[in-house]
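Report on one structure; see the data block that follows.
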Number of protein chains: 2
Amino acid sequence: MDTQAAQRVAHDGGADLFGVCPFVTSQSVLQGKWAILILHHLAEGPLRFNELLRRMDVAQGTLSKQLKNLEHEGLVRRIVHADGPLRVEYELTDIGLKFRGVLDAIEAWGNDYIEFLRTHDGDDVR
Amino acid sequence: MDTQAAQRVAHDGGADLFGVCPFVTSQSVLQGKWAILILHHLAEGPLRFNELLRRMDVAQGTLSKQLKNLEHEGLVRRIVHADGPLRVEYELTDIGLKFRGVLDAIEAWGNDYIEFLRTHDGDDVR
DNA sequence: CGGGATCCTATGGGATACTG
DNA sequence: CAGTATCCCATAGGATCCCG
């Protein structure tokens with residue numbers, strides 16, 4: 001381990017609230033550009049890799065990594081169909097399905113915010 | 001209509017859906033390590049800069065930038081009190097207050113997920 | 001089809017020092 | 001008190017090539 005990494009570990013005495021605070025914990029799952037979008041698309045049902053790829057304009061490698069993360073975190077299940085040609089589907093697990101509550105809230109607020117953006121056209125948001 | 005034209009229409013070539021899709025739009029606001037946490041702390045009422053600093057173990061510069069972002073995006077309002085010593089408070093705007101719906105959903109799911117993590121101890125999540 | 005491996009860049013975020 | 005400025009690094013994510 002190099003010096004910098006060692007220092008970071010040593011200094012990490014600060015309380016990491018992952019697994020303790022629901023907001024910190026959720027944040028670590030929601031971080032990144034694609035998690036919410038993937039979860040959103042899978043919320044309606046299982047999808048194959050290339051189908052996800054087509055729905056979200058994302059690089060293959062990136063999608064692959066993100067799906068592995070979500071699988072590791074327990075939100076997504078990867079299913080390989082044994083019949084015929086290679087066919088893989090991704091679907092939400094139980095805890096992944098529960099996330100739809102968050103997705104619904106995000107959708108509602110997102111629409112409110114889009115409306116807000118239009119009515120405050122002068123302000124340079126983003 | 002010929003086939004190629006139909007396909008070009010159907011396939012949204014790299015369009016940025018910010019301001020169009022509520023999920024993409026929300027994601028751009030929620031991205032980053034601190035936005036959700038800041039919003040959560042401000043949801044209960046206005047807070048001063050150093051008070052936020054104390055509640056979340058974050059670097060000053062980082063907090064400053066994040067607050068500027070949220071202010072720019074219209075979720076947070078910065079209030080400078082003119083009396084006596086320098087005193088600044090941050091509070092949620094109307095559209096920021098509406099975000100509490102998302103925060104509530106996140107809190108609920110976060111707690112479910114924490115429970116899920118405990119009952120699946122063998123899996124190395126994160 | 002469904003990826004993995006590799007390389008590269010952009011940027012988020014921490015540490016530190018300084019300021020009105 | 002409430003920042004700003006600067007430097008630096010770790011990581012996310014895109015592009016490209018390759019594979020079973």
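All chains are named by letter (A, B, ...) in the order of the sequence lines, taking the proteins before the strands, and each is independently numbered beginning at 1.
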(request) Over 60° means perpendicular and under 30° means parallel, so classify the ring planes of A/Phe23 and B/His40, tilted if in between. (result) parallel

(message) Looking at D/dG13, I'd like to know if its phosphate oxygens (OP1 or OP2) sit under 4.0 Å from a side-chain N or O belonging to A/Gln66.
(response) yes

(message) In this structure, how many angstroms lie between the P atom of C/dC1 and the CD atom of A/Gln60, rounded?
(response) 10 Å

(request) Rounded off to whole Å, could you give me the CG-to-P distance for the B/Asn69 and D/dT4 pair? (result) 12 Å

(message) Tell me the interatomic distance from B/Phe49, atom CZ, to D/dT4, atom P, rounded to whole angstroms.
(response) 8 Å

(message) Does a side-chain N or O of B/Arg48 approach OP1 or OP2 of D/dC1 to a distance below 4.0 Å, or not?
(response) no

(request) State whether A/Lys68 places a side-chain N or O below 4.0 Å from either non-bridging phosphate oxygen (OP1 or OP2) of C/dG3. (result) no

(request) Find the distance B/Leu63:CG to D/dA2:P and express it as a whole number of Å. (result) 11 Å

(request) Quickly work out the B/Asn50 CG to D/dC1 P distance and round it to whole Å. (result) 5 Å

(request) Answer yes if A/Ile114 and A/Ile106 sit in the same cluster of Ile, Leu, Val, Met, Phe, Trp and Tyr residues linked by side chain heavy atoms under 4.5 Å apart, and no otherwise. (result) no

(message) I want to confirm an ordering. Mapping A/Gly61 and A/Gln31 to their closest nucleotides on DNA chain D, which one lands closer to the 5' end?
(response) A/Gln31

(request) Calculate the interatomic distance between A/Asp57 atom CG and D/dG14 atom P; express it in whole Å. (result) 9 Å

(request) Select one nucleotide: of D/dG14, C/dG13, C/dG2, the one nearest the side-chain heavy atoms of A/Val58. (result) D/dG14

(request) State whether the side chain of A/Trp109 and the backbone N or O of A/Asp104 hold a donor-acceptor pair below 3.5 Å, judged by distance alone. (result) no

(request) Report whether B/Leu97 and B/Val76 are members of the same hydrophobic cluster (ILVMFWY, side-chain heavy atoms less than 4.5 Å apart, transitive linking). (result) yes

(request) May I have the distance from B/Leu37 (atom CG) to C/dG12 (atom C1'), rounded to whole angstrom? (result) 15 Å

(message) Quick one, B/Phe116 and A/Thr93 - any side-chain contact, counting heavy atoms below 4.5 Å?
(response) no

(request) Specify the residue among A/Arg78 and A/Lys65 whose closest nucleotide of DNA chain C lies further upstream toward the 5′ end. (result) A/Arg78

(request) Measure the distance from CG on B/Leu67 to P on D/dG3 and round it to the nearest whole Å. (result) 7 Å

(request) Would you please confirm or rule out a distance under 4.0 Å between OP1 or OP2 of C/dG3 and any side-chain N or O of A/Ser64? (result) no

